[in-house]
Each structure stands twice: as C-alpha cells, then as structure tokens.
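For reference, the structure discussed in these notes is given below.
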Protein chains: 2
Amino acid sequence: MGISKTAYFSDRQNKIANIAKALGHPARIAIMEHLIKVDACICGDLVDELPLAQPTISQHLKELKQANLIKGNIEGSSVCYCIHKDTLVFLKEFLNQFNGDPKQNIFSCSKS
Amino acid sequence: MGISKTAYFSDRQNKIANIAKALGHPARIAIMEHLIKVDACICGDLVDELPLAQPTISQHLKELKQANLIKGNIEGSSVCYCIHKDTLVFLKEFLNQFNGDPKQNIFSCSKS
DNA sequence: TTATGTTATCGTAATATTGCAATATAACAA
DNA sequence: TTGTTATATTGCAATATTACGATAACATAA
C-alpha cells in the first residue's frame, strides 16, 4: 500500500477505515455472510465452502479478527469462529452520520 | 494486492467489498466526513483541509468516485464533490443482515 | 494571446496485499 | 510413542496501493 499517513488522522477515522478495509475483499464478505448464515463455524467449513486454499482462508480470518469483526473460540483441536456484532454496530453508527434530510443532496451538488 | 479471485464470488459480494475497500483508508473517511459536514466542496478545499498533496487527494477522490460513494459536478474550472447516498444505503443494507436475535450470538460462539 | 487557478494524469519509489506450497504447531486418538 | 486432524505461520511471486513531484488539460481573466 505504500506509506499510509495514518498518524495524520484521528483514532476514530483510522478505526473505521481499518474495519472497512477488512471488509474490502469478496472472500471476507463471503466469510461474514457464511458466518451469519450458520451462526458459527470452523475454518475447515470455510475451506470447503470457498474456492481458496486453507492458508488463504486462515489469513483472511486473521484479517477479520484483527479488525474485531469476528471472534475465535478454541474448541479442542479446531477454532470456532463467529461474528463480533459490536464492531458492525460501530460501523453502522458511522454510516448513520450520512442520514441527513432526504430531500437534500440526493441527485445534485453545488457549492452555492 | 496480488491476484484477487474476484471471479469466484458473486457480483453482490464484489460490489460490497469494493465499497468497503474504498472506505478502507483514513483519508477517504476524512473526505467523506468533510463532505457530509459542508454538504459539498471542491478538491481544493480538501487539499487545504487534509495533510496530503493535491495529486494524492485527487487520487482518493477518484477511488471514492469509482465506488460510487461520491459524485463530482463540473463547475467552471473546478469540480464540486458531494456524497452519493444510494451507495451508503446499499452498504447499510448489507450490514442489516447481521441484525439477528440480540440475545443470541453476542459474546460467545460454539459449533454445538 | 498570456497568465492564473483548478483538477487530473503520468511516472516512480516505497510498501502492502493476495494466494498458495511447504511447514510448523497443537489437540487428540490409537 | 505414532498418526491423524485442524489451524497457523513462513516464504515467496505476482500484483495493488499510497504518496508525491512533474506535468498536462482545462476554464477563465486580463
């Protein structure tokens, strides 16, 4: 990515960007959607479900975990993953900023 | 980013990932937040506002425009940018999938 | 015309991401 | 112990992103 000037932005802006970045890959969207469908599953289930190799899935899970989008519970020799809703709520709150007057600012913009 | 197997995922999953990826940088979050604060502004305003050079801002705006997160209106020699709410609504609808029973799946997960 | 203001594009260096084979690690069974 | 199963880590090639100086493209003014 080249140098990213994260230090120049607020913690909140960096946190939101980090969550969005973690969601910025179709495999990770597919993982999130599979997790919500089955409630919780292990890495191996995702390897069967998605057209990617096990190390790749594991790496994507790590990415999602780093952003707090999922949690992993160790269950014997496997790890059970599920969604961490708090983070999704946080992201939704960011999006709610953009709910202004619906009559305004929809199909045009000017600096007037 | 290396080869991204986008072809293996649905159009919808790719679209969501693309929007999220566009939001996956603090400068672009800052741009979106500035745009909502002032309703609409030109590139030069953002150059004054953010600690990045003009070509960098322009590139970030292109990224946001490509994901349909903003629109640009040419006004004389400048371009007026504003938020494209439809895309944010689309992203919010994706997040709404994750609003299951609040008593379930909050602080634990198991494959039981 | 020339000059100025505004934005986009090009080129490039530094760095990050993606994907996977190979391998390591860990839990458990036999 | 050995073997099996499940997941994580390492190492690497291919590719993408980030940032910015230089410059191009454009509208407008003088």
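Note on naming: letters A, B, ... go to the chains in the order of the sequence lines (proteins, then strands), and numbering restarts at 1 for each one.
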Partner set under side chain to side chain donor-acceptor pair (under 3.5 Å) for A:Gln66, not counting sequence neighbours: A:Asn18
Sequence neighbours excluded, which residues qualify as side chain to side chain donor-acceptor pair (under 3.5 Å) partners of B:Lys92? A:Asn96, A:Asn99
Is B:Lys15 close enough and on-axis enough to B:Phe90, meaning under 6.0 Å and within 45°, for cation-pi? yes
Value in whole Å for how far the [atom2] atom of [N] lies from [atom1] of [X]:
X	N	atom1	atom2	answer
A:Glu75	D:dA8	CD	P	13 Å
A:Ile70	D:dA8	CD1	C1'	13 Å
A:Glu63	D:dT7	CD	C1'	17 Å
A:Leu50	C:dT18	CG	C1'	15 Å
A:His25	D:dT15	NE2	C1'	12 Å
B:Ile57	D:dC20	CD1	P	9 Å
B:Asn18	C:dT18	CG	P	13 Å
A:Leu64	D:dT7	CG	P	15 Å

Taking only distance into account, with no hydrogens and no angle test, what donor-acceptor pairs under 3.5 Å do side-chain atoms of residues 27-36 of chain B form with protein atoms, sequence neighbours excluded?
from    : atom 1 : to      : atom 2 : distance (Å)
B:Arg28 : NE     : B:Ala22 : O      : 2.6
B:Arg28 : NH1    : B:His60 : ND1    : 3.0
B:Arg28 : NH2    : B:Lys21 : O      : 3.4
B:Glu33 : OE1    : A:Gln13 : NE2    : 3.2
B:Glu33 : OE2    : A:Arg12 : NH1    : 2.9
B:Glu33 : OE2    : A:Arg12 : NH2    : 3.2
B:Glu33 : OE2    : A:Gln97 : NE2    : 3.0

Return no unless some side-chain N or O of A:Lys21 is found under 4.0 Å from OP1 or OP2 of D:dT17. no
Answer yes or no: does a side-chain N or O of A:His60 lie under 4.0 Å from OP1 or OP2 of C:dT17? no
By nearest-nucleotide position on DNA chain C, the 5'-leaning member of A:Arg28 and A:Gly76 is A:Arg28
List, one per line, each side-chain donor-acceptor pair under 3.5 Å for residues 76-83 of chain A, sequence neighbours excluded.
from    : atom 1 : to      : atom 2 : distance (Å)
A:Ser78 : OG     : A:Glu75 : O      : 3.4

Identify the pairs formed between an N or O of the protein and an N or O of nucleotides 3-9 of chain C at a distance under 3.5 Å, and give each distance.
from  : atom 1 : to      : atom 2 : distance (Å)
C:dT7 : OP1    : B:Cys43 : N      : 3.2
C:dT7 : OP2    : B:Gly44 : N      : 2.7
C:dA8 : OP1    : B:Tyr81 : OH     : 2.5
C:dA8 : OP2    : B:Ser58 : OG     : 2.9
C:dA8 : N7     : B:Gln54 : NE2    : 2.8
C:dA8 : N6     : B:Gln54 : OE1    : 2.9

Does A:Asp48 have more than 12 heavy atoms from other residues, nucleotides or ligands lying within 6.0 Å of its CG? yes
Salt bridge (Lys or Arg N to Asp or Glu O under 4.0 Å) contacts touching residues 51-64 of chain A (sequence neighbours left out): none
